[in-house]
Amino acid sequence: MTLPNGDTNSVADDSGDDLDDTSSVGSGSNADNSRSGTPTPRRKGRNKRKRKKVPPPQKMGYKFVCYLKEDHGQPIFGVQFNQYLRDGQPLVFATAGNNRVSVYQCIEDGPIKLLQCYSDPDPEENFYTVAWSYDTETGRPILAAAGSRGVIRIFSLATMQCVKHFIGHGQAINELKFHPRDPNLLLSVSKDHALRMWNIRTDILVASFGGVEAHRDEVLSADIDVEGRCIVSCGMDHSLKIWKLTTDTMLSTISQSYTFNPSRSVRPFPTVQQNFPDFSTRDIHRNYVDCVRWLGRFILSKSCENTIVCWKPGLLNQAELKHNDTNVTIIQKFDYKECEIWFMRFALDYWQKVLAVGNQLGRTFVWDLDISDPSQARCSTLIHPKCVAPIRQTAISRNGNILITVCDDATIWRWDRVAQPLGAPACGTVD
Amino acid sequence: MPQKKKDGSGGDKGVNEVHADHELFLQAFEKPTQIYRYLRSRNVLSPVFLQRTLYYMRGRMSRSHKNRMPFKLDTLLDKVTQKSERQSERAASYLNIVFTGFHDDKLEGVSGDVARVETFIVKMCHKKRKESSAPLMQVSVGTQDVSINPMSSGGEGPSATLTIPTHNFTVTNGHQVKSYVLVFKVSLLHDQENAGEPVAKRRRVSRSSSQDSVDPNLQVSSLHNHNNNNNGGSGPGSEGGGMRNDGGPNSGNGGGGGVGWSYCGELVMFDRHGRCLLTAGHYELMLEPPGASQPSNKASPKKNASWESIDTLKLDGMFTNIPMLKFTLNWNSENSNTALERPRLRPLKPLDLVLANSTSTKPKPQGVASPEAPQLVLYQFVYNNNSRQQTEARRDFHCPWCSLNCMALYSLLKHLKLCHARFSFTYVPHPKGARIDVSLNECYDGSYAGNPQDLVATPAGFAFSRSGPTRRTPTTSVLVCRPKRPKPSLSEFLEQDDDFDLPRSYILGHNRLYHHTMTCLPIQPHELDEDSEGEHDSEWVRQKTQMMIDDFSDVNEGEKELMKMWNLHVMKYNFVGDSQIPLACSMFLESHGVELLHKNLYRNFVLHMISLHNFGLIGTGIVYRCVLQLQAIYPTTKGAIFFPSPARQCNGANVVTITHTRMQDPSLQKQLASGWEEQRRSAKRLFPAITTVKQEQLRHSSAHHNHSSSSSSSSSSSSSSWLSESKSSPTKSK
């Protein structure tokens with residue numbers, strides 16, 4: 001981006017208008033001056049804000065606070081907030097890039113402070129992803145990281161050690177996720193076409209999702225829904241697959257993984273080899289699907305096609321998954337610009353009210369999902385003249401007040417939500 | 001060894017030449033030396049193993065096996081009785097503790113005051129399995145007054161003697177007492193107002209203190225009155241403890257407020273094995289200042305075991321600011337309360353020195369001056385194509401790289417060879433002692449030769465853990481190995497021919513890590529003997545087969561069911577030849593017969609038999625036998641299932657209608673037998689053609705459906721003798 005600042009703003013304006021046309025058709029005509037809770041005036045407000053960037057933005061406004069650069073200069077691929085820290089506790093996030101895993105704290109209204117940094121002994125390692133959990137015995141935070149070597153590393157931040165590692169994946173690991181209900185279950189997503197679920201407490205491989213009807217290429221992303229019932233995974237084979245965790249086999253194997261004593265048994269743990277997803281589709285995207293998240297019963301997924309699609313498997317009113325179902329229902333598309341490269345992740349905040357994604361020119365698009373009608377989702381674009389490298393991932397703090405984006409040039413950007421002029425409830429804190 | 005470098009041969013060389021020579025020397029030896037220096041300091045800080053446990057470090061092992069030599073099983077009882085006798089002897093004696101002072105730098109101003117020492121014996125009982133903590137018994141054995149910060153170590157100042165009869169500590173007192181701990185609680189009142197306390201009061205206190213002895217067996221003699229009087233002006237302020245114990249009014253203390261100050265200290269008298277740890281001598285016991293944790297026996301040292309070494313212990317200043325109780329302790333046969341021997345003042349040795357001599361991980365070498373000690377060990381560094389040499393002389397057996405005192409030449413050579421493998425060492429006898437030629441080991445490749453399990457163990461390097469003693473990997477390749485060790489002789493370090501017969505490694509075969517085929521996880525050693533991975537018939541293949549059969553659109557549900565059952569059956573047992581098909585059929589009926597009838601697939605099965613027959617895989621006799629076998633199952637499942645009748649067709653397959661009454665007709669059987677023979681003959685004629693069909697069926701079991709559906713249609717035109725006899729015309733379902 002060599003354009004002067006004003007030009008970039010105007011570009012952003014145009015993109016905002018384009019977004020209107022594609023994402024929320026029909027709402028543009030409702031020009032209304034009242035500032036009630038209805039979606040229309042909010043949209044009006046957004047337009048106003050976008051036209052004049054200088055005055056304090058209104059709802060869903062984030063202002064740039066600071067940025068810092070990690071000295072390795074390599075892309076930072078992963079960033080995650082520790083969502084187990086509640087309001088009043090420090091805002092801590094971790095980044096993964098090069099052979100480093102770094103833990104930072106967001107100081108209130110101020111800079112980012114580096115707390116800890118772990119470096120892999122192998123300089124060839126390139127960490128792609130981090131995930132937070134906690135030790136169920138001591139309550140201490142646990143950080144899991146993995147990357148190109150395919151080794152999952154578990155860090156105990158209290159003892160400042162890599163306490164465990166898991167090998168077994170044949171290739172790089174693209175994403176790690178902890179089970180939302182059981183902080184000991186870790187899901188890893190790999191280039192070897194498979195997903196694995198580990199019990200990090202007992203060091204047991206609980207299940208492996210891969211094989212004849214699983215992904216046919218690298219798996220790039222996965223997510224477990226908040227109730228811990230289903231995994232959705234996506235990858236380079238353009239497909240999205242849903243795996244149930246509530247089958248009898250899975251449930252019994254998970255509980256068995258806590259009691260299994262490897263030294264008492266001559267046979268290895270009976271890992272579930274799940275070859276058959278409970279739902280599979282290739283109808284959503286036409287390219288690599290590099291990020292997927294559950295949004296209630298809906299799924300948000302993106303490819304390198306400048307859109308995040310909100311969809312659900314089956315017909316709109318269909319509650320159960322069917323194995324051979326070919327139907328999908330697309331609820332909404334969130335369009336943005338200039339994000340045609342892959343391995344760009346979007347993020348939802350803890351309460352699933354804010355959606356943020358960065359593009360390859362360093363801009364961040366933020367949607368407020370706290371609305372009754374998905375078509376009314378309003379997008380705002382965050383621009384900084386120095387932020388021009390592709391934004392690999394974004395992370396939003398638990399209360400939604402801080403947005404962190406990480407870039408290919410090893411920079412970390414902090415954006416804070418600006419005060420609500422109308423006293424409207426801040427996203428994610430009330431409701 | 002850059003820092004030890006000496007130019008042994010560089011007398012007449014030019015400076016440049018010397019410099020170049022030095023460069024070459026550095027080139028050869030600098031890097032490995034640096035590595036070994038690093039390893040040395042790491043090993044000092046947290047050793048991976050102890051040198052003294054190595055067999056070639058005999059000199060460093062402090063433990064002798066003298067007791068093992070005369071050991072006989074029969075003497076066990078004698079030993080125990082002797083021990084108990086000794087204990088009963090001990091019961092007749094007394095433990096005398098003479099307190100000489102309580103020192104605390106913080107109480108500088110109250111020097112000369114008196115602190116009250118209350119002594120308890122804590123008996124820790126044997127912990128029962130279900131008890132979470134060992135039961136404790138605490139017995140107070142007396143209270144004494146001790147002067148605070150006595151000025152001199154002379155005969156002045158109050159001192160008190162505590163005498164404890166040792167029969168308190170006998171093991172055979174009914175309780176399973178494991179260990180005895182002496183606990184001292186020091187309470188003081190550093191209140192200057194009490195300085196002018198009347199003597200009578202003090203007397204009362206002293207009386208009360210002697211009454212404190214809970215155990216009537218105990219005799220507490222207090223010298224404190226006498227000494228107080230000697231002290232003159234310095235009045236004691238130690239009423240607190242006594243008053244409290246008496247339950248009397250506390251008013252006399254004048255509200256000094258210092259009563260609650262109590263320091264604690266403890267000493268283990270007998271450990272859990274009944275060994276007496278308190279030997280006679282002068283003791284300076286560190287006391288825990290007030291507010292610190294209770295005199296507890298909770299924290300077992302085992303819980304957080306870690307290597308400690310001198311360097312990590314911060315001992316400087318540890319003993320300076322800590323309250324200290326000084327006393328003299330002796331075991332005596334009589335109740336001695338007269339002899340009060342004051343510790344003599346001795347010049348203090350620096351603490352480091354004391355520790356280095358006593359508790360260092362490297363025990364004080366005992367064999368330094370052994371008769372075989374040579375005069376000199378010469379190290380000759382050979383480098384630059386064996387042409388250059390530098391010589392270094394030492395007068396002891398310290399390893400030059402890790403400063404380990406090996407104490408003998410053999411140990412030194414063995415240590416050098418095993419621990420510094422980047423070099424190669426050759427021993428050359430020398431008139432003045434020994435010469436060791438050091439050269440770079442060209443063969444050293446640094447490859448890992450240890451247990452492969454250690455590499456994958458989590459956490460990484462657990463086996464090499466430096467955070468304390470840990471459990472190693474659950475496997476060792478060698479359980480017991482008693483090889484014939486050659487007698488330690490220096491000749492093994494002499495220059496050897498290449499094919500010198502070194503002791504081979506004890507592990508046969510290779511030392512590799514294996515991985516599970518499905519999960520790629522490393523195979524744990526205890527899983528090695530079990531072949532967990534079957535080659536065929538994986539669950540996913542079974543599932544996929546069923547799903548693919550379900551996807552057929554030109555086959556009805558009953559046929560699909562039978563196909564699934566049959567294909568899975570064939571996959572499971574992996575039948576590979578025509579000759580095995582009859583066996584496959586009967587096994588199929590054994591395992592799935594009931595299920596067949598349950599699912600109402602009788603006719604589908606018969607049709608399947610016929611199509612197998614049509615393709616020449618089985619003869620008519622087999623068909624007949626199988627059908628009989630299936631019908632034999634019928635009576636056992638009677639009532640549970642509905643046997644097919646002409647009125648009710650099975651699962652949509654309008655096929656052969658054979659009633660079992662007809663099949664059991666003896667004349668029919670005869671006919672069948674002859675037909676079977678005929679069929680065998682014709683099958684033999686057809687053999688080449690059949691083989692291909694069979695292979696297709698077995699290898700691509702999923703393709704079976706084409707085969708069987710086509711065969712079901714072909715069965716309608718079957719010319720088999722008994723089928724035509726049955727006069728039923730099977731038709732294809734669709």
Side-chain angles (χ1 to χ4, degrees), chain A residues 120-122 149-156 159-171 188 190 192-194 196-214 249 260-277 280 323-324, chain B residues 46 304 306 448 452-468 470-476 513-534 536-553 571 702:
Chain A
D120 198 89
D122 184 359
R149 285 180 70 213
V151 179
I152 303 170
R153 293 201 176 270
I154 308 286
F155 300 99
S156 167
T159 59
M160 295 196 276
Q161 275 177 322
C162 172
V163 288
K164 281 175 182 177
H165 68 261
F166 299 107
I167 55 171
H169 270 300
Q171 291 274 10
S188 60
S190 171
D192 67 3
H193 306 189
R196 290 183 184 217
M197 182 173 274
W198 309 81
N199 187 329
I200 62 160
R201 183 169 168 161
T202 53
D203 308 345
I204 280 172
L205 175 62
V206 178
S208 170
F209 305 89
V212 60
E213 293 211 351
T249 338
F260 183 78
N261 186 347
S263 59
R264 294 257 173 86
S265 162
V266 291
R267 296 191 67 86
F269 181 78
T271 300
V272 176
Q273 300 282 347
Q274 185 56 269
N275 283 260
F276 305 98
S280 181
H323 172 65
N324 281 332
Chain B
S46 51
N304 44 5
S306 68
Y448 179 74
Q453 296 287 340
D454 291 345
L455 293 177
V456 294
T458 56
F462 187 65
F464 310 105
S465 166
R466 294 185 173 273
S467 57
T470 49
R471 190 181 163 183
R472 307 282 141 171
T473 41
T475 175
T476 43
L513 186 68
Y514 294 90
H515 295 265
H516 287 292
T517 50
M518 292 304 286
T519 57
C520 300
L521 296 177
I523 297 184
Q524 299 293 312
H526 53 267
E527 296 163 3
L528 261 180
D529 296 332
E530 193 90 2
D531 184 12
S532 57
E533 276 93 25
H536 58 276
D537 192 39
S538 312
E539 178 56 36
W540 72 268
V541 182
R542 301 169 66 84
Q543 217 172 331
K544 183 70 183 168
T545 307
Q546 296 183 43
M547 288 164 74
M548 283 167 74
I549 292 174
D550 275 333
D551 285 347
F552 296 152
S553 53
M571 266 163 47
S702 59

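Sequence lines set the chain letters: A, B, ... in the order given, protein chains first and strands last, and positions in each chain run from 1. Basis for what follows: all heavy atoms, side chains included, without hydrogens, waters or symmetry-related copies.
Using a 4.5 Å heavy-atom threshold, the side chains of P268(A) and H516(B) count as touching.
Taking each heavy atom of G168(A) and C520(B) in turn, the nearest pair found is O-CB, 3.2 Å. Between R196(A) and T519(B) the shortest heavy-atom distance is NH1-O, 2.6 Å. Contact between L521(B) and I167(A) at its shortest, heavy atoms only, is CD2-O, 3.2 Å. Contact between W540(B) and F276(A) at its shortest, heavy atoms only, is O-CZ, 3.5 Å.
Partners of T202(A) under the side chain to side chain contact (heavy atoms under 4.5 Å, CB included) rule, at least two apart in sequence or in another chain, are N199(A), I204(A). Shown here are the side chain to side chain contact (heavy atoms under 4.5 Å, CB included) partners of E539(B), two or more places apart in sequence or in another chain: R542(B), Q543(B).
Interface residue T271(A): only side-chain heavy atoms are found under 4.5 Å from chain B.
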